[in-house]
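Numbers restart at 1 for each chain; the letters A, B, ... are given by sequence-line order, proteins then strands.
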Protein chains: 2
Amino acid sequence: MRNLLEIQKQLLPDLMETLKRRYTILHQIMLSDIIGRRTLAASMDMTERVLRAETDLLKSQGLIEIESVGMRISDAGRRLLDLLEPIAKSLFGLDDLEEKIRTTYNLSKVIVVPGDCETSPFTKRELGRAGARALLGALKGSDTVAVTGGTTLAEVADQLTPPLSLSYKNAWFVPARGGLGESMEIQANTIASTMAKRIGANYRLLHVPDLLSEDAYQSLAMDANIGEIVQIIRKSRIIVHGIGDAMEMTRRRRLDEATIADIQGEGAVAESFGYYFNEEGQVVHTMLTMGLRLEDIIRTEVVIGIAGGKRKAKAIHAMLRFGQEDILVIDESAAVEIGKEIDMQLQQVL
Amino acid sequence: MRNLLEIQKQLLPDLMETLKRRYTILHQIMLSDIIGRRTLAASMDMTERVLRAETDLLKSQGLIEIESVGMRISDAGRRLLDLLEPIAKSLFGLDDLEEKIRTTYNLSKVIVVPGDCETSPFTKRELGRAGARALLGALKGSDTVAVTGGTTLAEVADQLTPPLSLSYKNAWFVPARGGLGESMEIQANTIASTMAKRIGANYRLLHVPDLLSEDAYQSLAMDANIGEIVQIIRKSRIIVHGIGDAMEMTRRRRLDEATIADIQGEGAVAESFGYYFNEEGQVVHTMLTMGLRLEDIIRTEVVIGIAGGKRKAKAIHAMLRFGQEDILVIDESAAVEIGKEIDMQLQQVL
DNA sequence: TGTTCGTGGTCTTAAAATGTCCCGGGTTAA
DNA sequence: TTAACCCGGGACATTTTAAGACCACGAACA
């Protein structure tokens, strides 16, 4: 595959450029559901006229449909994009990055989506799509999947679409842990139920308030209903989790000053599943809530970590050092940063 | 390998052409050992200047060497040609096939779409698109177009989109013949009206039941309204028709056993416009219904035949022998079969 | 030694690509 | 229901690129 492109590059030196451009346009249209020419031109940093030339071509090839409300991707275009995905990776040089990270941390799969989540909402969406695909790739008919909260996971849930053939009637979605003080849409409970509904699976919720006192924790642990769902959670075969910057999470969860200082003092840089990790990937702080424990995570078959953005690179790196990830889905900006850190490590070794 | 090329054809239709051109030039230079610009330009039917642009590029890519005695291929160029050989086959494969069929049966145009209708619905769609394009290419502002029924023609109707500039306000679509006992969506009447609506043209329908008795036929022929529309049909400048396998059509039309045996006995392999043709392209059976007659077809300016699938190759071939087609739109699998038959004929002649 | 055929340069012209604006129509938010 | 907004498509001036036409000069060859 790669081969043919290399061959063609010799006869068509500008092939790659054109291919990239058209792919990006088509891709952007796909992500936008429906979008107008001017808006798209602005977001892609092209003048209106040249974009128009391209979209006219895409239309004549039947890859997009142009209506009075804007342009949308056609079925054929969608198929083409799917086929093009791996090629695009090598076009944008992301496959090298994927491989580097994969081998360094011994993961089974690394997926890097082009772009930067922090600057482009489309990249976030794309990250969600990639995460959703990764999940479906790992999901068998009767698995239990534990999911965490967060905006990224919410995006994954939104982008989850079932393949036509398989049925997930016997699959279960559960939140990985109890409430951790975030808004409704990005609660693990909400996300678990959304995902389950979207692919026709089942879900169980864990209704535990956040910021439990020790006493409350103990009494809830005795509750039969809660105990049952916690058992289900702890036996999940798949975990899908976001990765957060430690300090940002403390703020988002409105922890009290003392706790924040505490966590910061211990050098926490990353947060996931309610645990805080330092740069070396060691757990330095635990939030008291019910659900998955560290030992469960360690024995879980498939751990899928999803995150994006340059600011999260350090946190993602910490989770990689923690060493429990199997599949990592990140964006290009984070991947580039991680790639740099890997290079620095190698230099230190030499 | 094949795959990527097909993808590129969709996204980079313009580049594929230049790829072909450059390949041919390089190939020619290789065959010529050493050759001058003017000589080469003449042999390739290009002006000197455009050839020069190409050879300059080939030189800058290090694929040829230019000396004062002329141009010769470089080692890198030779290697590239070797690598490109199998790709070139598929790049040109269809073109060669088109040309072979075109010249053998003296058609004005042959279009072969890649793939196989029988295995891929996308190919069927592509066949429809190609058929629609062929029709629009032949259609002038105030033509009358007669269309037959069938799933392929229905696909053509679906894929018909008007070019932005032209108006077909004065064009007419009519069914080629009366009802021939098929389901609503693939009736000639339905297709004629769909096509007309899609490009803003007019249509007239021919409401004649199928399986007419001789008496009924005679009395309908007297009807003024029917007579009028029949007159319009018979004066069509363009005919767009599908081509069917004879036996399959008898089944689809639920003919009675006696008739089927009759048709089979006469060696019918193809069906179109309600006529059945044997392998030599001779009419062996006629369905009694109103509309286009054979003599009309013969004098029609543009006859566009559209069909696809390996199983229909024999039928298509019979229609080619019938000798009234001007434009043929088929899929690759049928084209390959027809190509084989042409080769066999040639061998018999030798 | 003159002729022929080659490349490479240049100038003009034709054509294509591009930047920019505007219009009428449809959608959406108020 | 209305007004604002954004859409696609048309138009057009302008820039950029491709193409055509010639010519100069050098190497090979007869």
Side-chain angles (χ1 to χ4, degrees), chain A residues 11-15 17-22 24-26 28-74 77 121-122, chain B residues 11-22 24-26 28-74 77 136 161-169 198-200:
Chain A
L11 277 182
L12 306 166
D14 50 356
L15 168 119
E17 220 173 306
T18 314
L19 189 55
K20 271 192 210 173
R21 182 158 26 95
R22 299 205 177 137
T24 316
I25 293 171
L26 191 58
Q28 200 68 220
I29 293 173
M30 187 265 292
L31 291 178
S32 309
D33 269 350
I34 196 154
I35 191 172
R37 195 189 339 126
R38 275 180 274 271
T39 318
L40 184 57
S43 90
M44 297 209 45
D45 205 26
M46 303 170 90
T47 61
E48 191 187 328
R49 197 60 185 75
V50 304
L51 176 70
R52 187 168 167 183
E54 297 292 359
T55 53
D56 281 354
L57 181 129
L58 291 179
K59 186 193 175 187
S60 80
Q61 292 298 107
L63 300 172
I64 61 173
E65 287 153 8
I66 299 187
E67 299 163 34
S68 62
V69 287
M71 303 171 288
R72 80 172 82 239
I73 194 163
S74 72
F122 298 126
Chain B
L11 210 52
L12 309 164
D14 39 353
L15 288 191
M16 295 323 268
E17 221 167 297
T18 60
L19 179 60
K20 276 189 205 173
R21 182 156 27 93
R22 294 193 184 147
T24 317
I25 293 171
L26 191 59
Q28 199 69 226
I29 293 173
M30 189 263 291
L31 291 176
S32 311
D33 266 350
I34 195 155
I35 192 171
R37 199 168 56 203
R38 274 184 275 272
T39 319
L40 183 56
S43 90
M44 297 208 47
D45 204 26
M46 305 171 87
T47 63
E48 192 188 330
R49 195 59 185 75
V50 305
L51 177 71
R52 187 168 163 187
E54 297 293 359
T55 53
D56 282 353
L57 183 130
L58 291 178
K59 184 189 175 188
S60 79
Q61 293 294 104
L63 299 172
I64 61 175
E65 288 152 8
I66 300 187
E67 300 163 35
S68 60
V69 289
M71 304 171 290
R72 80 172 81 238
I73 195 163
S74 72
L136 287 179
T161 44
L164 305 154
S165 48
L166 269 92
S167 154
Y168 295 107
K169 275 203 297 282
R198 287 191 68 91
I199 66 169

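- For the pair Met46(A) CE and dG19(C) P, the interatomic distance rounds to 9 Å; values are reported in whole Å.
- We find the CD-OG1 distance between Gln28(A) and Thr24(A) to be 8.0 Å, quoted to the nearest 0.5 Å.
- One atom, CG of Asp14(A), and another, P of dA17(C), lie 13 Å apart when rounded to the nearest Å.
- A side chain to side chain contact (heavy atoms under 4.5 Å, CB included) with Leu11(B) is found for exactly one of Ile25(A), Leu57(A), Leu58(A), namely Leu58(A).
- Nearest heavy-atom pair, Glu65(A) versus Ile73(A), reported as atom, atom and distance to 0.1 Å: OE1-O, 4.5 Å.
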Return a single string for nucleotides 14-30 of chain D, one symbol per nucleotide in 5' to 3' order, where B is base contact, S is sugar-phosphate-only contact and - is none, cutoff 4.0 angstrom on heavy atoms. -----SBB-----SS--
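- Here the P atom of nucleotide dC7(D) and the CD1 atom of Ile66(A) are 13 Å apart, to the nearest Å.
- Atom CG of Asp56(B) and atom P of dT7(C) are 10 Å apart (whole Å).
- Nearest heavy atoms, Gly62(A) versus Ser74(A): O-OG, 2.7 Å.
- Atom pair Glu54(A):CD and dG9(D):P shows a separation of 16 Å (rounding to whole Å applied).
- The NZ-P distance, from Lys59(A) to dC7(D), rounds to 16 Å in whole Å.
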Before you tell me yes or no, could you show the steps for Asp33(A) and Arg72(A) under side-chain contact (heavy atoms from CB on, under 4.5 Å), namely the whole-Å CA-CA distance, both residues' side-chain angles and the distance that decides it to 0.1 Å? CA-CA 6 Å; Asp33(A) 269 350; Arg72(A) 80 172 82 239; over 6 Å; no
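- The separation between Leu57(A) atom CG and dG9(D) atom C1' is 17 Å, rounded to whole Å.
- Here Ile35(A) lies in heavy-atom contact (under 4.0 Å) with sugar-phosphate atoms only.
- To the nearest 0.5 angstrom, Leu51(B) atom CG is 5.0 Å from Thr55(B) atom OG1.
- Rounded to whole Å, the distance from CZ on Arg72(A) to P on dC7(D) is 14 Å.
- Contact between the side-chain N/O atoms of Thr39(A) and the OP1/OP2 oxygens of dC7(D) is found at a separation under 4.0 Å.
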